[in-house]
Number of protein chains: 2
Amino acid sequence: MEFKEAKNKFVQTWGALGSQWGINKTMAQIHALLMVSNEPVSMEDIMEELQISRGNASMNLRGLMDWGIVYKEYKAGERKEFFTAEKDLDELAVKISRERSKREIKPTLKILKEVSTIEAKDSAEEKHFVDQTTKLYDFVLKADNMLDKMTEFNENWLGKLIIKMMK
Amino acid sequence: MEFKEAKNKFVQTWGALGSQWGINKTMAQIHALLMVSNEPVSMEDIMEELQISRGNASMNLRGLMDWGIVYKEYKAGERKEFFTAEKDLDELAVKISRERSKREIKPTLKILKEVSTIEAKDSAEEKHFVDQTTKLYDFVLKADNMLDKMTEFNENWLGKLIIKMMK
DNA sequence: AATAAGTTTCAATTATTTTTGAAAGTTTAA
DNA sequence: TTAAACTTTCAAAAATAATTGAAACTTATT
(Lines give C-alpha, C1' and ligand atoms only; values in the text may rest on other atoms or scores of the structure.)
Protein backbone atom coordinates (compact mmCIF):
# COMPACT_ATOMS: atom_id res chain seq x y z
CA MET A 1 0.00 0.00 0.00
CA GLU A 2 1.31 3.41 -0.83
CA PHE A 3 1.24 6.43 1.44
CA LYS A 4 -1.69 8.32 -0.05
CA GLU A 5 -3.84 5.23 -0.05
CA ALA A 6 -2.93 4.41 3.55
CA LYS A 7 -3.62 7.94 4.69
CA ASN A 8 -6.99 7.94 3.01
CA LYS A 9 -7.87 4.57 4.48
CA PHE A 10 -6.97 5.82 7.94
CA VAL A 11 -9.05 8.97 7.60
CA GLN A 12 -12.06 7.01 6.35
CA THR A 13 -11.78 4.43 9.10
CA TRP A 14 -11.47 7.03 11.82
CA GLY A 15 -14.49 8.80 10.39
CA ALA A 16 -16.57 5.63 10.43
CA LEU A 17 -15.51 4.86 13.99
CA GLY A 18 -16.50 8.37 15.00
CA SER A 19 -20.02 7.87 13.65
CA GLN A 20 -20.44 4.74 15.74
CA TRP A 21 -19.51 6.71 18.83
CA GLY A 22 -21.78 9.67 18.20
CA ILE A 23 -19.20 11.96 16.65
CA ASN A 24 -20.00 13.31 13.25
CA LYS A 25 -18.06 11.73 10.45
CA THR A 26 -16.46 14.89 9.12
CA MET A 27 -15.32 15.98 12.55
CA ALA A 28 -13.62 12.64 13.09
CA GLN A 29 -12.07 12.78 9.63
CA ILE A 30 -10.64 16.23 10.18
CA HIS A 31 -9.22 15.06 13.46
CA ALA A 32 -7.70 12.01 11.81
CA LEU A 33 -6.16 14.15 9.10
CA LEU A 34 -4.58 16.52 11.59
CA MET A 35 -3.33 13.67 13.78
CA VAL A 36 -1.21 12.22 11.04
CA SER A 37 -0.02 15.54 9.60
CA ASN A 38 3.45 16.49 10.66
CA GLU A 39 2.77 20.16 10.21
CA PRO A 40 -0.15 22.56 10.67
CA VAL A 41 -2.84 22.34 7.99
CA SER A 42 -4.87 25.24 6.58
CA MET A 43 -8.61 25.24 6.14
CA GLU A 44 -8.13 25.29 2.38
CA ASP A 45 -6.10 22.10 2.55
CA ILE A 46 -8.65 20.38 4.75
CA MET A 47 -11.44 21.33 2.35
CA GLU A 48 -9.41 20.06 -0.53
CA GLU A 49 -8.34 16.76 1.02
CA LEU A 50 -11.75 15.84 2.40
CA GLN A 51 -13.75 17.46 -0.39
CA ILE A 52 -15.95 19.44 1.93
CA SER A 53 -17.32 22.97 1.95
CA ARG A 54 -15.81 25.92 3.75
CA GLY A 55 -18.75 26.14 6.14
CA ASN A 56 -18.50 22.50 7.05
CA ALA A 57 -14.79 22.74 7.68
CA SER A 58 -15.20 25.88 9.76
CA MET A 59 -17.93 24.45 11.96
CA ASN A 60 -16.25 21.15 12.62
CA LEU A 61 -12.90 22.76 13.36
CA ARG A 62 -14.67 24.94 15.86
CA GLY A 63 -16.23 21.82 17.35
CA LEU A 64 -12.85 20.14 17.67
CA MET A 65 -11.39 23.19 19.34
CA ASP A 66 -14.31 23.20 21.80
CA TRP A 67 -13.30 19.65 22.69
CA GLY A 68 -9.82 20.98 23.30
CA ILE A 69 -8.17 18.50 20.98
CA VAL A 70 -7.36 20.76 18.04
CA TYR A 71 -5.46 24.02 18.19
CA LYS A 72 -5.25 27.06 15.97
CA GLU A 73 -1.80 28.16 14.91
CA TYR A 74 -0.46 31.16 13.10
CA LYS A 75 2.48 31.07 10.77
CA ALA A 76 4.74 34.09 10.59
CA GLY A 77 4.02 36.15 7.53
CA GLU A 78 0.85 34.24 6.69
CA ARG A 79 -2.57 35.67 7.14
CA LYS A 80 -4.29 32.27 7.05
CA GLU A 81 -5.01 30.18 10.13
CA PHE A 82 -3.53 26.74 10.51
CA PHE A 83 -4.66 23.82 12.64
CA THR A 84 -2.94 21.06 14.58
CA ALA A 85 -4.29 18.16 16.60
CA GLU A 86 -3.33 17.02 20.05
CA LYS A 87 -1.00 14.16 19.17
CA ASP A 88 -0.21 12.79 22.63
CA LEU A 89 -2.68 9.96 22.95
CA ASP A 90 -2.85 9.89 26.74
CA GLU A 91 -3.55 13.59 26.72
CA LEU A 92 -6.15 13.08 24.00
CA ALA A 93 -7.93 10.39 26.00
CA VAL A 94 -7.92 12.53 29.12
CA LYS A 95 -9.37 15.51 27.30
CA ILE A 96 -12.11 13.50 25.64
CA SER A 97 -13.00 11.86 28.95
CA ARG A 98 -13.15 15.15 30.77
CA GLU A 99 -15.31 16.73 28.17
CA ARG A 100 -17.73 13.81 27.88
CA SER A 101 -17.97 13.78 31.64
CA LYS A 102 -18.82 17.44 31.75
CA ARG A 103 -21.26 17.39 28.86
CA GLU A 104 -22.97 14.05 29.29
CA ILE A 105 -22.18 12.18 32.48
CA LYS A 106 -22.62 14.99 35.00
CA PRO A 107 -26.07 15.98 33.68
CA THR A 108 -27.09 12.32 33.65
CA LEU A 109 -25.95 11.90 37.24
CA LYS A 110 -28.08 14.83 38.23
CA ILE A 111 -31.18 13.22 36.74
CA LEU A 112 -30.33 9.83 38.21
CA LYS A 113 -30.10 11.43 41.62
CA GLU A 114 -33.47 13.06 41.15
CA VAL A 115 -35.33 9.99 39.99
CA SER A 116 -33.69 7.64 42.48
CA THR A 117 -34.78 9.70 45.45
CA ILE A 118 -38.52 9.69 44.93
CA GLU A 119 -40.53 8.34 47.80
CA ALA A 120 -40.83 4.66 47.10
CA LYS A 121 -44.28 3.85 48.50
CA ASP A 122 -44.78 0.19 49.19
CA SER A 123 -45.32 -1.39 45.77
CA ALA A 124 -42.62 -3.82 44.62
CA GLU A 125 -42.54 -2.00 41.30
CA GLU A 126 -41.61 1.32 42.84
CA LYS A 127 -39.15 -0.27 45.21
CA HIS A 128 -37.38 -1.94 42.33
CA PHE A 129 -37.22 1.32 40.41
CA VAL A 130 -35.61 3.16 43.31
CA ASP A 131 -33.23 0.30 43.95
CA GLN A 132 -32.13 -0.03 40.35
CA THR A 133 -31.69 3.69 39.66
CA THR A 134 -29.74 4.04 42.91
CA LYS A 135 -27.39 1.29 41.81
CA LEU A 136 -27.07 2.95 38.45
CA TYR A 137 -26.26 6.26 40.08
CA ASP A 138 -23.54 4.66 42.19
CA PHE A 139 -22.12 2.83 39.21
CA VAL A 140 -22.00 5.84 36.93
CA LEU A 141 -20.56 7.97 39.72
CA LYS A 142 -17.78 5.45 40.32
CA ALA A 143 -16.99 5.18 36.62
CA ASP A 144 -16.93 8.93 36.31
CA ASN A 145 -14.61 9.27 39.29
CA MET A 146 -12.30 6.77 37.70
CA LEU A 147 -12.02 9.05 34.71
CA ASP A 148 -11.07 11.88 37.04
CA LYS A 149 -8.41 9.69 38.62
CA MET A 150 -6.95 9.04 35.21
CA THR A 151 -6.22 12.68 34.79
CA GLU A 152 -4.20 12.63 38.01
CA PHE A 153 -2.01 9.79 36.83
CA ASN A 154 -1.39 11.97 33.82
CA GLU A 155 1.71 10.38 32.33
CA ASN A 156 0.87 7.09 30.64
CA TRP A 157 -1.97 6.22 32.99
CA LEU A 158 -3.20 3.50 30.69
CA GLY A 159 0.05 1.53 30.89
CA LYS A 160 0.28 1.98 34.64
CA LEU A 161 -3.32 1.00 35.08
CA ILE A 162 -2.86 -2.21 33.16
CA ILE A 163 0.15 -3.11 35.27
CA LYS A 164 -1.92 -2.58 38.41
CA MET A 165 -4.72 -4.66 37.00
CA MET A 166 -2.40 -7.55 36.24
CA LYS A 167 -1.32 -7.83 39.86
CA MET B 1 -41.86 13.72 41.90
CA GLU B 2 -44.18 10.79 41.55
CA PHE B 3 -43.27 7.37 40.25
CA LYS B 4 -44.66 7.59 36.73
CA GLU B 5 -42.99 10.93 36.16
CA ALA B 6 -39.66 9.67 37.49
CA LYS B 7 -39.81 6.56 35.35
CA ASN B 8 -40.56 8.58 32.26
CA LYS B 9 -37.77 11.00 33.02
CA PHE B 10 -35.34 8.15 33.42
CA VAL B 11 -36.36 6.51 30.16
CA GLN B 12 -36.07 9.80 28.26
CA THR B 13 -32.68 10.60 29.77
CA TRP B 14 -31.29 7.17 29.02
CA GLY B 15 -32.56 7.49 25.45
CA ALA B 16 -30.87 10.85 24.98
CA LEU B 17 -27.62 9.52 26.43
CA GLY B 18 -27.81 6.59 24.04
CA SER B 19 -28.05 8.91 21.04
CA GLN B 20 -24.91 10.71 22.11
CA TRP B 21 -23.08 7.40 22.22
CA GLY B 22 -24.22 6.10 18.87
CA ILE B 23 -27.07 3.93 20.13
CA ASN B 24 -30.43 4.64 18.67
CA LYS B 25 -32.80 6.41 20.98
CA THR B 26 -35.54 3.82 20.95
CA MET B 27 -33.12 1.00 21.65
CA ALA B 28 -31.77 2.85 24.66
CA GLN B 29 -35.29 3.67 25.84
CA ILE B 30 -36.43 0.07 25.63
CA HIS B 31 -33.37 -0.96 27.55
CA ALA B 32 -34.04 1.67 30.20
CA LEU B 33 -37.63 0.55 30.53
CA LEU B 34 -36.65 -3.08 31.01
CA MET B 35 -33.90 -2.20 33.46
CA VAL B 36 -36.29 -0.61 35.88
CA SER B 37 -39.10 -3.12 35.45
CA ASN B 38 -39.30 -5.68 38.19
CA GLU B 39 -40.94 -8.22 35.95
CA PRO B 40 -40.79 -9.25 32.28
CA VAL B 41 -42.50 -6.88 29.86
CA SER B 42 -44.40 -7.83 26.72
CA MET B 43 -43.91 -6.22 23.33
CA GLU B 44 -47.41 -4.78 23.58
CA ASP B 45 -46.53 -3.02 26.81
CA ILE B 46 -43.32 -1.64 25.37
CA MET B 47 -45.18 -0.29 22.32
CA GLU B 48 -47.76 1.23 24.59
CA GLU B 49 -45.34 2.81 27.07
CA LEU B 50 -42.99 4.24 24.47
CA GLN B 51 -45.65 4.92 21.84
CA ILE B 52 -43.80 3.12 19.08
CA SER B 53 -44.82 0.76 16.31
CA ARG B 54 -44.66 -3.00 16.44
CA GLY B 55 -41.92 -3.14 13.81
CA ASN B 56 -39.79 -0.68 15.68
CA ALA B 57 -40.18 -2.55 18.93
CA SER B 58 -39.41 -5.86 17.28
CA MET B 59 -36.26 -4.66 15.54
CA ASN B 60 -34.82 -2.88 18.54
CA LEU B 61 -35.54 -5.79 20.87
CA ARG B 62 -33.72 -8.00 18.43
CA GLY B 63 -30.83 -5.54 18.48
CA LEU B 64 -30.68 -5.56 22.26
CA MET B 65 -30.68 -9.34 22.30
CA ASP B 66 -27.83 -9.33 19.79
CA TRP B 67 -25.91 -7.21 22.26
CA GLY B 68 -26.64 -9.88 24.83
CA ILE B 69 -28.17 -7.47 27.31
CA VAL B 70 -31.86 -8.31 26.93
CA TYR B 71 -33.40 -11.74 27.21
CA LYS B 72 -36.60 -13.33 25.97
CA GLU B 73 -38.76 -15.05 28.52
CA TYR B 74 -41.83 -17.18 28.34
CA LYS B 75 -44.56 -17.17 30.93
CA ALA B 76 -46.39 -20.40 31.63
CA GLY B 77 -49.76 -20.47 29.95
CA GLU B 78 -49.05 -17.33 27.91
CA ARG B 79 -48.41 -17.36 24.23
CA LYS B 80 -46.80 -13.93 24.19
CA GLU B 81 -43.09 -13.36 24.58
CA PHE B 82 -41.76 -11.28 27.43
CA PHE B 83 -38.48 -9.45 27.77
CA THR B 84 -36.09 -8.71 30.63
CA ALA B 85 -32.85 -6.73 30.74
CA GLU B 86 -29.54 -7.68 32.27
CA LYS B 87 -29.75 -5.86 35.58
CA ASP B 88 -26.32 -6.54 37.03
CA LEU B 89 -24.41 -3.44 36.07
CA ASP B 90 -20.94 -4.99 36.10
CA GLU B 91 -22.20 -7.73 33.85
CA LEU B 92 -23.86 -5.13 31.64
CA ALA B 93 -20.64 -3.15 31.29
CA VAL B 94 -18.66 -6.26 30.49
CA LYS B 95 -21.09 -7.34 27.80
CA ILE B 96 -21.21 -3.94 26.16
CA SER B 97 -17.41 -3.69 26.23
CA ARG B 98 -16.98 -7.13 24.72
CA GLU B 99 -19.43 -6.45 21.98
CA ARG B 100 -18.04 -3.03 21.08
CA SER B 101 -14.60 -4.56 21.02
CA LYS B 102 -15.69 -7.27 18.65
CA ARG B 103 -17.73 -5.04 16.39
CA GLU B 104 -15.70 -1.84 16.33
CA ILE B 105 -12.31 -2.03 17.99
CA LYS B 106 -11.02 -5.25 16.46
CA PRO B 107 -11.79 -4.18 12.87
CA THR B 108 -10.22 -0.79 13.54
CA LEU B 109 -7.08 -2.45 14.90
CA LYS B 110 -6.83 -4.48 11.73
CA ILE B 111 -6.87 -1.36 9.61
CA LEU B 112 -4.44 0.46 11.91
CA LYS B 113 -2.04 -2.45 11.56
CA GLU B 114 -2.32 -2.30 7.79
CA VAL B 115 -1.77 1.41 7.41
CA SER B 116 0.98 1.62 10.02
CA THR B 117 3.10 -0.95 8.26
CA ILE B 118 3.49 0.72 4.89
CA GLU B 119 7.01 1.30 3.78
CA ALA B 120 7.87 4.73 5.10
CA LYS B 121 10.18 6.08 2.40
CA ASP B 122 12.30 8.96 3.55
CA SER B 123 9.95 11.94 3.68
CA ALA B 124 9.24 13.41 7.11
CA GLU B 125 5.57 13.35 6.24
CA GLU B 126 5.47 9.62 5.68
CA LYS B 127 7.63 8.93 8.69
CA HIS B 128 5.30 10.89 10.88
CA PHE B 129 2.32 9.02 9.52
CA VAL B 130 3.84 5.64 10.29
CA ASP B 131 4.97 6.79 13.70
CA GLN B 132 1.61 8.22 14.68
CA THR B 133 -0.50 5.33 13.41
CA THR B 134 1.82 2.88 15.16
CA LYS B 135 1.35 4.72 18.42
CA LEU B 136 -2.37 4.73 17.84
CA TYR B 137 -2.33 1.00 17.19
CA ASP B 138 -0.45 0.35 20.42
CA PHE B 139 -2.74 2.62 22.38
CA VAL B 140 -5.96 1.11 21.08
CA LEU B 141 -4.59 -2.39 21.57
CA LYS B 142 -3.72 -1.63 25.17
CA ALA B 143 -7.11 -0.08 25.87
CA ASP B 144 -8.83 -3.04 24.27
CA ASN B 145 -6.82 -5.51 26.34
CA MET B 146 -7.78 -3.63 29.44
CA LEU B 147 -11.41 -4.27 28.61
CA ASP B 148 -10.62 -7.97 28.31
CA LYS B 149 -8.97 -7.90 31.71
CA MET B 150 -12.05 -6.36 33.21
CA THR B 151 -14.04 -9.41 32.27
CA GLU B 152 -11.62 -11.56 34.28
CA PHE B 153 -12.15 -9.54 37.43
CA ASN B 154 -15.80 -10.25 36.90
CA GLU B 155 -17.24 -9.51 40.34
CA ASN B 156 -17.37 -5.77 40.92
CA TRP B 157 -14.24 -5.01 38.90
CA LEU B 158 -15.01 -1.31 38.87
CA GLY B 159 -14.88 -1.00 42.64
CA LYS B 160 -11.74 -3.11 42.91
CA LEU B 161 -10.11 -1.19 40.13
CA ILE B 162 -10.70 2.13 41.80
CA ILE B 163 -9.22 0.83 45.03
CA LYS B 164 -6.14 -0.27 43.12
CA MET B 165 -5.90 3.08 41.44
CA MET B 166 -6.00 4.94 44.72
CA LYS B 167 -2.93 3.11 46.00
C1' DA C 1 -10.99 54.63 5.07
C1' DA C 2 -11.15 51.59 1.44
C1' DT C 3 -9.97 47.16 -0.03
C1' DA C 4 -8.46 42.62 0.23
C1' DA C 5 -7.89 38.18 2.64
C1' DG C 6 -9.80 35.35 5.36
C1' DT C 7 -13.54 33.31 8.64
C1' DT C 8 -18.14 32.56 10.53
C1' DT C 9 -23.00 32.05 10.36
C1' DC C 10 -27.28 30.09 9.13
C1' DA C 11 -31.42 29.19 6.10
C1' DA C 12 -32.08 26.00 2.66
C1' DT C 13 -30.84 21.66 0.76
C1' DT C 14 -29.18 17.00 0.87
C1' DA C 15 -27.97 12.74 3.04
C1' DT C 16 -28.59 9.52 6.61
C1' DT C 17 -31.03 7.19 10.05
C1' DT C 18 -35.08 5.80 12.14
C1' DT C 19 -39.82 4.55 12.11
C1' DT C 20 -44.02 2.89 10.33
C1' DG C 21 -47.39 -0.44 8.87
C1' DA C 22 -48.99 -3.96 6.38
C1' DA C 23 -47.80 -8.32 4.24
C1' DA C 24 -45.39 -12.51 5.01
C1' DG C 25 -43.86 -15.72 8.26
C1' DT C 26 -44.24 -18.78 12.53
C1' DT C 27 -46.01 -21.29 16.07
C1' DT C 28 -49.62 -23.18 18.88
C1' DA C 29 -54.06 -25.21 19.62
C1' DA C 30 -58.41 -27.00 18.25
C1' DT D 1 -55.19 -28.43 8.31
C1' DT D 2 -57.19 -24.47 9.53
C1' DA D 3 -57.43 -20.57 12.13
C1' DA D 4 -55.94 -17.62 15.58
C1' DA D 5 -52.17 -15.34 18.11
C1' DC D 6 -48.24 -13.53 17.72
C1' DT D 7 -43.54 -11.96 15.48
C1' DT D 8 -40.56 -10.57 11.77
C1' DT D 9 -39.37 -8.24 7.65
C1' DC D 10 -38.69 -4.49 4.64
C1' DA D 11 -40.07 -0.85 1.24
C1' DA D 12 -41.79 3.57 1.77
C1' DA D 13 -42.38 7.68 4.71
C1' DA D 14 -40.93 10.59 8.34
C1' DA D 15 -37.66 12.46 11.33
C1' DT D 16 -33.10 13.83 12.26
C1' DA D 17 -28.51 15.25 11.29
C1' DA D 18 -25.03 16.98 8.28
C1' DT D 19 -23.68 19.94 4.52
C1' DT D 20 -23.63 23.64 1.36
C1' DG D 21 -22.88 28.25 -0.21
C1' DA D 22 -23.40 32.85 -0.21
C1' DA D 23 -23.95 36.94 2.63
C1' DA D 24 -22.25 39.02 6.81
C1' DC D 25 -18.60 39.66 9.57
C1' DT D 26 -13.56 40.42 11.09
C1' DT D 27 -9.04 41.61 10.69
C1' DA D 28 -4.96 43.16 8.35
C1' DT D 29 -2.83 45.89 4.71
C1' DT D 30 -2.21 49.86 1.66
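Every value quoted in this text rests on a predicted model; they were computed, and no experiment measured them. Just so it is clear: chains get the letters A, B, ... in the order the sequence lines come, proteins before strands, and each one is counted from 1.
For A:Ser19 and A:Glu81, each mapped to the nucleotide of DNA chain C holding its nearest heavy atom, the one lying further toward the 5' end belongs to A:Glu81. Along DNA chain D, the nucleotide nearest B:Lys80 and the nucleotide nearest A:Arg79 are compared for position; the residue whose nucleotide lies closer to the 5' end is B:Lys80.
If you check the side chains of A:Asn60 and A:Thr26, you find no donor sitting under 3.5 Å from an acceptor.
For B:Lys110, the NZ atom is loosely surrounded, since the number of other residues' heavy atoms within 6.0 Å does not exceed 12. Counted within 6.0 Å of NZ on A:Lys142, heavy atoms from surrounding residues, nucleotides or ligands total more than 12; the atom is thus considered enclosed. Summarising the local packing, CD of B:Glu2 is surrounded by more than 12 heavy atoms from other residues, nucleotides or ligands at distances under 6.0 Å. Annotation: B:Lys121, atom NZ; neighbour count of heavy atoms from other residues, nucleotides and ligands within 6.0 Å does not exceed 12.
The overall bend of the helix from C:dA1-D:dT30 to C:dA30-D:dT1, read as the angle between its terminal helix axes built from five base pairs each, is 10° when rounded to 10 degrees.
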Hey, mind stepping through B:Phe83 and B:Tyr71 against ring-ring contact (aromatic ring centres under 6.0 Å, His included) and telling me if it holds? CA-CA 6 Å; B:Phe83 301 88; B:Tyr71 316 108; over 10 Å; no
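In this structure, B:Thr26 does not reach the C:dT18 phosphate: none of its side-chain N or O atoms is under 4.0 Å from OP1 or OP2.
Heavy atoms of A:Asn56 sit under 4.0 angstrom from at least one base atom.
Rounded to whole angstrom, the span from the NZ atom of A:Lys72 across to the C1' atom of C:dT7 amounts to 8 Å.
Minimum atom distance to the side chain of B:Asn24 is reached by C:dT19, of the listed C:dT8, C:dT19, C:dT9.
To the nearest 0.5 Å, atoms OG1 (B:Thr84) and CG (B:Asn38) are separated by 11.5 Å.
When DNA chain D is scanned in the 5' to 3' direction for atoms under 4.0 Å from non-hydrogen atoms of chain B, the outermost contacting nucleotides are D:dA4 to D:dC10.
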